[in-house]
Engineer: 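Once you've had a glance at the structure underneath, I'll fire off some questions.
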Amino acid sequence: MARIINEPSRTFGEYLLLPNLTTKDCIVENVNLSTPLTRYKKGEEPELKLNIPFSSAIMQSVSDNNMAIALAKNGGISFIYCSQSIEDEAEMVRKVKKYKAGFVISDSNLTPDNTLEDVLKLKEKTGHSTMAITNDGTSTGKLLGIVTGRDYRITRDPLDKKVRDFMTPADRLIVGKEGISLSDANNIIWEHKLNSVPIVDEDFKLVYMVFRKDYSDDKENPRSLLDDRKRYIVGAGINSRDYKERVPALVEAGADILCIDSSEGFSEWQSDTIKWIKERYNGTVKVGAGNVVEEEGFKYLADAGADFVKVGIGGGSICITREQKGIGRGQASSVLDVAAARDEYFNKTGIYVPICSDGGIVHDYHITLALAMGADFVMLGRYFARFDESPTAKVKYGNGFVKEYWGEGSNRARNWARYDLGGKTSLQFEEGVDSYVSYAGSLDDGLGTTLHKIKSTMCNCGARTIKELQDTGRLTIVSATSISEGSAHDVILKNQ
């Protein structure tokens, strides 16, 4: 007969945290939510870290380039969904990497012989109004001028007007020389009241552009998650079917880390995918894997080389894997067991492999519970689908608004590639539903409130870091009646 685990499979809703001593320096402003994203050796630092322990789910209804930019501004990471063409996913990654940078390689370039019509078409394609005019129309050609929206008037200038006739010529430009620091480049912008400054080499060939808006972004979003070139960090989902074609395209587009999108990760297909990536790129490309719910699955993927491991099967609000297939486990039990396996693996090998709790989050405090139970960060779908920045439609529903939200295992997504059992390339039955979630406004506002709750709870637990919370946190199992006791009861609520 099958081996039986007699301990009940528990959810986050069955636990509460007990308070520890809150010292005078343990205040919200002093709480640091940074956390490792990728594996590292004992005594070393991870190559990638998050400034907040949040990632958005690899879903059509959650993670596109707009969500990735919004979340990176707040210190988290999105994994662009992979249930789309390789070209479309790579283009989303490129949009994130090009959105903001310190030194930007210009992607809007023309020659003096181009026309106003070419300028307007390029602006529509890239969304950028500032264009470098070079001798060969490339990002590295000799700089001959700059065109901005102030150099022409659509209502008066003919479309066939040559760029040379309305551009700001090079001899009137204020430029920076190659090797200049980003700080000095920004000083030029401010001193001369510019929107941008070109950076050129000794032959006056264009090297970079530096923009005023990027400086403003840094000041307005101090916890932004940035790479070494001041670009937003972004992840990308992959599957274990077409990874040999998809991975190179995503790496070329600039993806900082990949993650295998699968409903169940304890499989040879995932091991093969990880090993191919590690061998192909000599370990330089980072890749997460999953999902698993117990120690054997974690150790299998850690041994295969996964840079982090996702935990959870069937706990998502739109996931019906458990009722369809009878596979899964309560999210709290999953996280507790895998966290213990992660710590044992670290003690044995000296390699720390972060774990991501994926699913089972209903209330904000469940995120704090997941962290206390050992998760290094969480992955959220429903939570992020509610905001303006998600890619789905906002719909009038009753007296309010909702947003569409569907699972990758639903007929709407038809993401058969994440259910890799070596069979047909189509969905035989659904493992996700098509639904709505309550509209919640802007991500900045909603996430700001959630982060404040987490930090406040950590202060109640006497913890200023996630590691302290995990080391000193205390959890208690709660009964059904004590759950009811924790909500408003035995009163008549106003306005209801």
Side-chain angles (χ1 to χ4, degrees), residues 35-42 44 46-50 55 57-58 77 79 82 235-251 255-313 321 327-329 334-359 374-377 379 408 415 417-423:
T35 190
L37 176 60
T38 56
R39 65 162 55 204
Y40 61 92
K41 294 181 180 178
K42 187 175 184 179
E44 298 180 356
E47 289 189 35
L48 291 176
K49 297 176 71 174
L50 298 175
S55 63
I58 312 171
I77 189 170
F79 288 88
C82 59
I238 61 172
N239 59 64
S240 55
R241 295 269 188 171
D242 64 7
Y243 61 90
K244 292 182 181 179
E245 294 77 38
R246 189 173 294 267
V247 169
L250 296 174
V251 171
D256 297 280
I257 185 169
L258 309 173
C259 184
I260 304 172
D261 178 33
S262 175
S263 65
E264 197 277 303
F266 192 5
S267 76
E268 290 183 343
W269 287 283
Q270 286 220 8
S271 177
D272 290 346
T273 303
I274 297 167
K275 289 176 180 176
W276 183 88
I277 293 170
K278 294 300 180 180
E279 291 173 3
R280 169 74 180 266
Y281 295 97
N282 196 29
T284 60
V285 172
K286 307 303 179 186
V287 56
N291 287 20
V292 301
V293 293
E294 37 66 57
E295 62 178 301
E296 287 90 349
F298 168 83
K299 290 177 180 177
Y300 181 80
L301 293 177
D303 286 341
D307 287 288
F308 69 85
V309 174
K310 285 203 299 163
V311 180
I313 295 176
T321 294
I327 290 176
R329 194 180 193 188
S334 300
V335 171
L336 287 166
D337 272 13
V338 175
R342 186 263 326 274
D343 293 343
E344 179 185 340
Y345 192 87
F346 180 54
N347 292 330
K348 182 178 179 180
T349 67
I351 298 173
Y352 188 92
V353 181
I355 62 172
C356 167
S357 177
D358 178 17
D376 296 281
F377 60 102
M379 179 170 280
E408 288 297 298
N415 185 9
R418 74 191 307 267
Y419 303 96
D420 197 341
L421 296 176

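Just so it is clear, the values below take in all heavy atoms, side chains as well, and ignore hydrogens, waters and symmetry mates. Model, not experiment: these values are computed from the prediction.
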Engineer: Just verifying a value: how many Å separate Lys49 NZ and Ile77 CD1, rounded to the nearest 0.5 Å?
Structural biologist: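 Going from NZ on Lys49 over to CD1 on Ile77, the span is 14.5 Å.
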Engineer: Using every non-hydrogen atom in the two residues, find where Gly290 and Ser262 come nearest and quote the distance to one decimal.
Structural biologist: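 So the minimum-distance heavy-atom pair works out to O-CB, 3.6 Å.
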Engineer: If every non-hydrogen atom of Ser267 is compared with every non-hydrogen atom of Tyr300, which pair is closest and at what distance?
Structural biologist: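 Result for this residue pair: O-CE2, 3.3 Å.
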Engineer: If I compare all heavy atoms of Leu48 with all of Thr38, which pair ends up nearest, and what's the gap?
Structural biologist: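 Shortest heavy-atom contact: N-OG1, 3.2 Å.
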Engineer: Rounded to the nearest 0.5 Å, what separation is found between the CD atom of Glu295 and the OH atom of Tyr345?
Structural biologist: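 Separation between the atoms: 13.5 Å.
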Engineer: Got a sec, which pairs hit salt bridge (Lys or Arg N to Asp or Glu O under 4.0 Å) with one end in residues 275-288, sequence neighbours left out?
Structural biologist: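 Matches after skipping sequence neighbours: Glu47-Lys286, Lys278-Asp307.
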Engineer: Grab the two heavy atoms, one from Pro46 and one from Pro36, that are nearest each other, plus how far apart they are.
Structural biologist: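 Between these two residues, the closest heavy atoms are CG-CB, 3.9 Å.
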Engineer: What distance separates Leu50 CG from Leu37 CG, expressed to the nearest 0.5 Å?
Structural biologist: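 It comes to 4.5 Å.
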Engineer: Please confirm whether the backbone N or O of Val353 pairs with a side-chain atom of Arg342, one donor and one acceptor, at under 3.5 Å?
Structural biologist: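 Not at all, since once roles are kept as given, no pair shorter than 3.5 Å links the two residues.
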Engineer: Which class fits the ring pair Phe346 and Tyr352: parallel under 30°, tilted 30 to 60°, perpendicular over 60°?
Structural biologist: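 Judged by the thresholds at 30° and 60°, the geometry between Phe346 and Tyr352 is perpendicular.
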Engineer: May I ask you to say whether Glu344 pairs ionically with Lys348, meaning some side-chain N is under 4.0 Å from a carboxylate O?
Structural biologist: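 Salt bridge between Glu344 and Lys348, a charged N being under 4.0 Å from a carboxylate O: no.
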Engineer: Is it the case that atom CD in Glu268 sees more than 12 heavy atoms from other parts of the structure closer than 6.0 Å?
Structural biologist: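 Count not over threshold, so no.
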Engineer: What are the two closest non-hydrogen atoms of Ser263 and Asn291, and how far apart are they?
Structural biologist: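 For Ser263 versus Asn291, the nearest heavy atoms are O-CB, 4.3 Å.
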Engineer: When rounded to the nearest 0.5 angstrom, what is the spacing between CG in Asp261 and CD in Gln270?
Structural biologist: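 Reported value, rounded in 0.5 Å steps: 9.0 Å.
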Engineer: So, the side chain of Thr35 versus the backbone of Asp376: is there a donor-acceptor pair under 3.5 Å, distance only?
Structural biologist: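 Judged by distance alone, yes, a pair lies under 3.5 Å.
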Engineer: Provide the closest heavy-atom pair for Ile260 versus Lys310 in the form atom of the first, atom of the second, distance.
Structural biologist: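 Taking Ile260 first and Lys310 second, the nearest heavy atoms are O-CE, 4.4 Å.
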Engineer: What distance do Ile274 atom CD1 and Ser240 atom OG have between them, rounded to the nearest 0.5 Å?
Structural biologist: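 One gets 10.0 Å once the value is rounded to the nearest 0.5 Å.
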Engineer: With sequence neighbours left out, what residues match Val247 under side-chain contact (heavy atoms from CB on, under 4.5 Å)?
Structural biologist: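 If we apply the side-chain contact (heavy atoms from CB on, under 4.5 Å) test to Val247, skipping adjacent residues, the hits are Ile238, Tyr243, Val251, Leu258, Trp276, Ile277, Tyr281.
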Engineer: Apply side-chain contact (heavy atoms from CB on, under 4.5 Å) to Val293 and Asp337, showing your working.
Structural biologist: CA-CA 8 Å; Val293 293; Asp337 272 13; over 6 Å; no
